[in-house]
Amino acid sequence: MLTGGPLDVLTGDYLAELTMLILGRDRLKNPDLGYAKTFLKQLEEGLGLAHDRGVRIVTNAGGLNPAGLAAAVRALAAKVGVPVSVAHVEGDDLMPYGQDALTANAYLGGAGITACLRAGADVVVTGRVTDAALVSGPAAWWFDWGPQDYDRLAGAVVAGHVLECGTQATGGNYSFFTRYDVSRPGFPLAEIAEDGSSVITKHSGTGGAVTVGTVTAQLLYETQGVRYLGPDVTARLDTVRLSAADTDRVAISGVRGEAPPGTLKAGVTRIGGWRNEVVFVLTGLDVEAKAALVRAQLAGLLAGVSSAEWTLARTDHEDAETQEAASALLRLVVRDPSPDRVGRPLTSAAIELALASYPGFHVTAPPAAAQPYGVFTATAVATDAVPHTAVLPDGTRLPVPAARSQAPAARSQAPAAPLPDTGAGDPGQREPAPPGAPPGQGPGPAGPPPPATAAHRAGATRRVALGRILGARSGDKGGDANVGVWAESGPAWEWAREALTVEAFKALLPETAPLEVTRHELPNLRALNFTVTGLLGDGVASGHRFDPQAKALGEWLRARHLDVPAHLLPRGGGGPDSPTPAPEGTR
């Protein structure tokens, strides 16, 4: 990023929910740690380049100890002989917090970053801020926006959301990846204008692609609803408009902002207990009977364990030409508050069945000791209760005023046709549904899906994989999962809007059937966003699910078969090997 082309601010996002748990355990071992050590290794190579080119660096790598990382950056700068001024943002750490909390951090906004840059900082280190704040904070500094410039701030927040996962906006993890060379995608950058609009692009000569589709995919990633609630502004995702400005250039415009809520999201991690697992390989015939035998043989041993989950993955093929293709996997995951009940004695006992169980008995790994697992929960804290503080390069501690939750009289123009808005963005808060609202719907005039057009009802259909006409991107928010689905043409969007109801979604993904699923419409993006409450239990660090972060949930949905109007399918009839057209136009 520093050598590939012009740049004003380089940002780095290091903090996933799981990362906070890892940093919390690091801090237990050494109170001077708690920050992302890899940042220092990267900075040793890049600090001189950034200084020579006048590039500011803004990162949340401070984690649980932004002051400690800021001091380490100063020491590194002295070591390599680069004269830089360093500031940091703190106040997000809420510890001590409740019983058994390992970490507790509020998600701060970008105002502290803005204050540090205004004071002349070359490097700004933060703790837990929203991912988008790494972009909106510098944008507010550059253009001298005020706290009530909601539309401008919202535009920068949307740009920040597109950038936050790096190459996911340039072809990484993209449903239609076969259209492009994504073997080494370049990182995205945002050219932000004074009015808050932006262009997403990448340095010339880098791999991957920036298209309306790749940007749409990232916009749908890990969001919940049309109101993307943030500490500085609420961005209306239903107002976002995308258009292809040129090759590898996508313009974002029309973003409207509203006042932020009066609370901040707080992420809390705890050590939830101890876990262990054994994976048995079942080969050839009688797979179900072999699985039943193992379960029966271990039933007595598992009787005193708090949680024992069995999963049989039928990866076996009939009359297979390789042994691996003839085998299924039976996975046992155990959890307990005590490491003794799920430790080496339990896994050793499972292995000791080898000569007295099903034919062909073997496992994928030797017996192992129990490992601690974490639990992530999100709650809300009053904005005024969090001491957001910018520590300037000269050591001055500058309190950052809390953003007001009430909009001024001349608030931003609302979209002409409001949509259901039950979700929240990075801050992870939810707007309550009004009394009497039907399940799965939030406030706003939801109503039934639009009636099918004659073009939908007439003509032949083909039973094909949904992904032949729709893209998807999925991810996790604590224990919840989200799946964003988008269409590339108007007719495909109209069909998807009618066909992909909550009931259809649950039927296609049976694991979600007993859970609460909420659907949100984003017509400007030709997209639907589904939030699945509780699919991931207590979050990624505790999950026993095959895909604990729901990263492939959208691809599973795309692989399910549905009756699709033939006229919507690409040439060749939409069979498994048919190419998909690429109408990457204005949206």
Side-chain angles (χ1 to χ4, degrees), residues 18 173 175 275-299 301-302 305-336 342 346-354 357-368 370-371 373 465-467 472 474-476 479-481 483 505-515 532 534-562 576:
L18 179 59
N173 292 346
S175 291
R275 60 171 284 165
N276 213 329
E277 71 174 72
V278 183
V279 180
F280 303 88
V281 182
L282 315 176
T283 303
L285 304 178
D286 305 318
V287 167
E288 299 283 350
K290 289 171 180 174
L293 176 58
V294 174
R295 296 184 63 162
Q297 289 178 313
L298 291 178
L301 187 64
L302 298 174
V305 174
S306 176
S307 171
E309 301 282 346
W310 292 92
T311 305
L312 176 59
R314 294 300 303 266
T315 53
D316 53 305
H317 298 265
E318 187 176 357
D319 194 23
E321 295 185 358
T322 66
Q323 182 175 332
E324 185 174 5
S327 301
L329 299 176
L330 177 65
R331 183 168 176 244
L332 168 65
V333 178
V334 289
R335 294 186 188 79
D336 199 89
V342 292
L346 186 147
T347 53
S348 294
I351 305 305
E352 289 159 8
L353 289 174
S357 191
Y358 62 86
F361 183 105
H362 66 287
V363 295
T364 59
Q371 297 294 322
Y373 69 87
L466 192 60
S474 59
D476 63 300
D480 300 344
V483 182
F505 181 90
K506 289 186 173 185
L508 291 167
L509 304 184
E511 290 182 31
T512 69
L515 303 173
V532 185
L535 180 68
L536 307 179
D538 290 321
V540 54
S542 68
H544 68 276
R545 196 175 175 275
F546 178 66
D547 175 16
Q549 292 181 280
K551 300 302 185 187
L553 193 64
E555 287 301 293
W556 178 28
L557 178 65
R558 293 182 69 239
R560 295 309 307 271
H561 286 214
L562 208 60

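Because only heavy atoms are used, hydrogens play no part in the values below, and waters and symmetry mates are left out as well, while side chains stay in.
For the residue pair Gln297 / Ser357, a side-chain donor-acceptor distance below 3.5 Å is found, with atom types taken as modelled.
Under a 4.0 Å N-O distance rule, the pair Lys551/Asp476 qualifies as a salt bridge. The pair Arg545-Glu511 counts as a salt bridge, with a side-chain nitrogen and a carboxylate oxygen less than 4.0 angstrom apart. In this structure, Glu277 does not pair ionically with Arg335, as no charged nitrogen and carboxylate oxygen lie closer than 4.0 Å.
Residues Ser327 and Thr283 approach most closely at OG-OG1, 2.7 Å, considering heavy atoms. Pairing each heavy atom of Asp547 with each of Leu536, the nearest pair is O-CD2, 4.1 Å. Across all their heavy atoms, Ala350 and Phe361 have their closest contact at O-CZ, 3.5 Å. The shortest non-hydrogen separation linking Leu282 to Lys290 is CD2-CB, 4.2 Å.
For the atom pair Tyr358 OH and Leu353 CG, the distance stands at 9.5 Å (nearest 0.5 Å). We find the CZ-CH2 distance between Phe280 and Trp310 to be 5.0 Å, quoted to the nearest 0.5 Å.
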Run the numbers on Glu555 and Ser175 for side-chain hydrogen bond (donor to acceptor under 3.5 Å, both in side chains), then give the verdict. CA-CA 7 Å; Glu555 287 301 293; Ser175 291; 3.0 Å; yes
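Remark: side-chain polar atoms of Asp316 are not paired, donor with acceptor, to backbone N or O of Val287 under 3.5 angstrom.
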